[in-house]
Undergrad: 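What follows is a single structure, and I will ask about it in a moment.
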Amino acid sequence: MYWDKAKECMPREDLEQLQLERLQSTLYRVATHVPFYRKKFKELAIDPDGFRSLEELHKLPFTTKDDMRNNYPYGLFAVPLRDVVRLHASSGTTGMATVVGYTKNDLKNWSDMVARILTATGVEADDVVQIAFGYGLFTGGFGLHYGAERVGASVIPISSGNTKRQIQILQDFKTTTLVCTPSYALLLADTMIDMNININALHLKYGLFGGEPWSEEMRTEIKNKLGIIATDNYGLSEVMGPGVAGECSYCNGLHINEDHFIVEVINPETLEPVAPGELGELVFTTITKEAFPVIRYRTRDLARFIPEPCPCGRTFQRMTRVIGRTDDMLIIKGVNVYPLQIESILFDIEGTEPHYQIIVEREGRLDKVTVLVEVVESIFFDQMKKQRQLVEHIKKRLATELGIGVDVKLVEEKTLERFEGKAKRVIDKRKL
Ligand code: DLL
């Protein structure tokens with residue numbers, strides 16, 4: 001199902017022409033209204049009026065999170081505050097938040113993009129959508145809310161937290177669509193199982209999950225427990241919020257809303273584009289945003305382009321799931337490891353629960369990693385020998401698939417922290 005088939009399936013040639021025109025007007029807008037870009041363009045001798053082809057994109061300067069911090073709060077806005085009708089902020093793990101603004105038109109485009117993603121999963125006007133993302137400065141709650149309203153669905157703005165109440169409402173309001181982080185979906189499922197709720201009796205059909213990385217194995221776990229179609233959707237406040245990219249019901253990669261963004265995948269070291277299909281950092285240029293346009297924003301998120309077309313017929317560039325952030329990468333004995341790789345392996349091992357935590361410490365000059373894994377009760381209370389065998393098995397799998405040795409500790413079910421928003425998988429004690 002499409003929300004806007006003419007756009008979503010438009011021939012690449014037309015799309016590229018549209019992108020070029022929209023980029024030209026964005027460059028003009030930022031050069032005229034944002035001193036930060038005016039200065040950068042001047043330094044690089046870029047004439048915003050002389051931009052004739054998308055091939056020239058690489059000449060434009062990058063924008064980083066630091067640039068946003070240095071221009072806190074409104075320095076990168078391209079319109080006066082009287083035209084801004086909404087403000088959000090991304091918390092960021094370190095230091096100052098980034099403030100992002102939207103004009104009326106930006107909000108309309110944003111809801112349309114989220115509506116596309118909901119529709120691509122299968123959500124329609126007669127669906128009941130429970131939004132368990134936080135409402136507030138975080139873009140998740142409001143972003144998905146307005147998109148779901150635009151589809152015409154009945155929206156339950158329950159916000160995050162209060163798991164028992166979420167479950168009550170899932171049952172009583174006959175929710176068909178759950179919207180939250182994947183880790184919270186799993187927590188809801190596990191809590192319902194503990195409460196002996198008959199999940200088959202619920203009306204749930206769809207789950208749209210995003211806001212944090214999750215593995216294919218985690219998707220399988222959620223699908224099996226909740227009996228739904230579970231799609232991934234991606235976005236970030238600095239670029240817009242949720243709705244930048246999302247999967248269709250084929251669940252094989254995320255369609256990027258390319259009529260609103262130009263996306264590149266670059267090598268974070270050399271800053272050059274990677275070969276098609278190679279892993280790299282996503283870089284976004286917004287081409288319709290009025291209040292807060294960004295040129296070549298370095299997301300630090302890592303993903304690949306999927307060059308093959310999707311059977312759904314959409315022509316927008318597809319990307320793989322985001323496997324993590326450049327700043328989440330662990331370097332263990334010289335080997336680069338992402339938490340998601342560890343998740344995939346753990347989910348695949350019989351007897352382990354889908355809850356884990358990765359502890360990184362420094363011993364002398366070396367990083368030491370310990371993976372804490374919850375195991376089912378029967379194993380935890382089993383003989384020591386069996387426990388040892390499981391630990392050895394997990395270590396071996398991690399060693400062969402990641403190429404590094406890590407410590408593994410089994411912990412009792414429900415002892416690791418659960419999250420209502422984004423899960424925190426890595427505890428880095430090196431920085432403390
Ligand atoms: O998390 C926007 C969002 C809300 C997207 C709800 C989808 C659903 P921020 O708080 O600014 O915005 O965080 C953005 O979260 O740079 C990624 O590192 C990560 N992220 C978001 N979606 C995904 C996803 C929202 N589907 C940061 N897979 C991004 C992996 C994701 N990581």
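Just follow the structure's listing: the first ligand is 1, and inside any ligand the first atom is 1. This chain uses plain numbering: 1 for the first residue, then up along the sequence.
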Undergrad: In ligand 1, which numbered atoms sit nearer than 4.0 Å to a non-hydrogen atom of G140?
TA: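 Those of ligand 1 that fall under 4.0 Å from G140 are 4 (C), 6 (C).
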Undergrad: Is the number of heavy atoms from other residues, nucleotides or ligands within 6.0 Å of CD (E350) greater than 12?
TA: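 Check fails, neighbour count at 12 or below.
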Undergrad: Applying side chain to side chain donor-acceptor pair (under 3.5 Å) between R300 and each of T64, D328, D327, report the one that passes.
TA: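 In the set T64, D328, D327, the residue that makes a side chain to side chain donor-acceptor pair (under 3.5 Å) with R300 is D327.
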Undergrad: Who gets closest to atom 22 (N) of ligand 1 by heavy atom: A97, G211, A245?
TA: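 Considering heavy atoms of A97, G211, A245, the nearest to atom 22 (N) of ligand 1 sits in G211.
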Undergrad: Check whether E343 reaches the backbone of S215 with its side chain - one donor and one acceptor, N or O, closer than 3.5 Å.
TA: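 Looks like yes, one N/O pair under 3.5 Å.
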Undergrad: Only one of K7, R12, Q317, R314 forms a side chain to side chain donor-acceptor pair (under 3.5 Å) with E258, so which one is it?
TA: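 Testing E258 for a side chain to side chain donor-acceptor pair (under 3.5 Å) against K7, R12, Q317, R314 leaves exactly one candidate, R12.
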Undergrad: For atom 16 (O) of ligand 1, what is the nearest protein heavy atom, given as residue, atom name and distance?
TA: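 Closest protein heavy atom to atom 16 (O) of ligand 1: D301 OD2, 2.6 Å.
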Undergrad: Mind checking whether D232 contacts ligand 1 via backbone (N, CA, C, O), side chain (CB onward), both or neither, at a 4.0 Å heavy-atom cut-off?
TA: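 The side chain, only.
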Undergrad: Nearest protein heavy-atom contact for atom 11 (O) of ligand 1: which residue, which atom, what distance?
TA: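 The closest one turns out to be S237 OG, 2.5 Å.
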Undergrad: Number the atoms of ligand 1 from 1 as they appear, then name those within less than 4.0 Å of a heavy atom of F133, with their elements.
TA: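 So the answer, numbered in order with elements, is 6 (C), 8 (C).
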Undergrad: Could you pull out, from V100, L144, D327, N233, the option with a heavy atom nearest to atom 26 (N) of ligand 1?
TA: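 Going through V100, L144, D327, N233 one by one, N233 has the nearest heavy atom to atom 26 (N) of ligand 1.
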Undergrad: Would F138 and H88 count as a ring pair (Phe, Tyr, Trp, His ring centres under 6.0 Å) if you check the C-alpha gap in whole Å, the side-chain angles of each, and the deciding distance to 0.1 Å?
TA: CA-CA 6 Å; F138 175 51; H88 281 284; 8.6 Å; no
Undergrad: Could you tell me which atoms of ligand 1, counted from 1 in the order shown, lie closer than 4.0 angstrom to a heavy atom of T139?
TA: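 Atoms satisfying the 4.0 Å criterion: 2 (C), 12 (O).
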Undergrad: Pick whichever of E238, E212, R325 has a heavy atom sitting closest to atom 28 (N) of ligand 1.
TA: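 The option holding the nearest heavy atom is E212.
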Undergrad: In this structure, does ligand 1 have an atom that sits under 4.0 Å from one of the heavy atoms of K422?
TA: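 K422 counts as a contact of ligand 1 under the 4.0 Å cut-off.
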Undergrad: What about Y102 and F292, are their ring centers closer than 6.0 Å?
TA: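 No, ring centres 6.0 Å or more apart.
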Undergrad: May I ask you to check whether Y146 and W110 place their ring centres under 6.0 Å from each other?
TA: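 Distance test on ring centres: not under 6.0 Å, no.
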Undergrad: Specify the protein heavy atom at minimum distance from atom 2 (C) of ligand 1: its residue, its atom name, and the distance to 0.1 Å.
TA: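 So the nearest neighbour among protein heavy atoms is G235 O, 3.4 Å.
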Undergrad: For R325, is there any backbone N or O sitting under 3.5 Å from a side-chain donor or acceptor partner on D301?
TA: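 Side chain of D301 to backbone of R325, a donor-acceptor pair under 3.5 Å: no, none is there.
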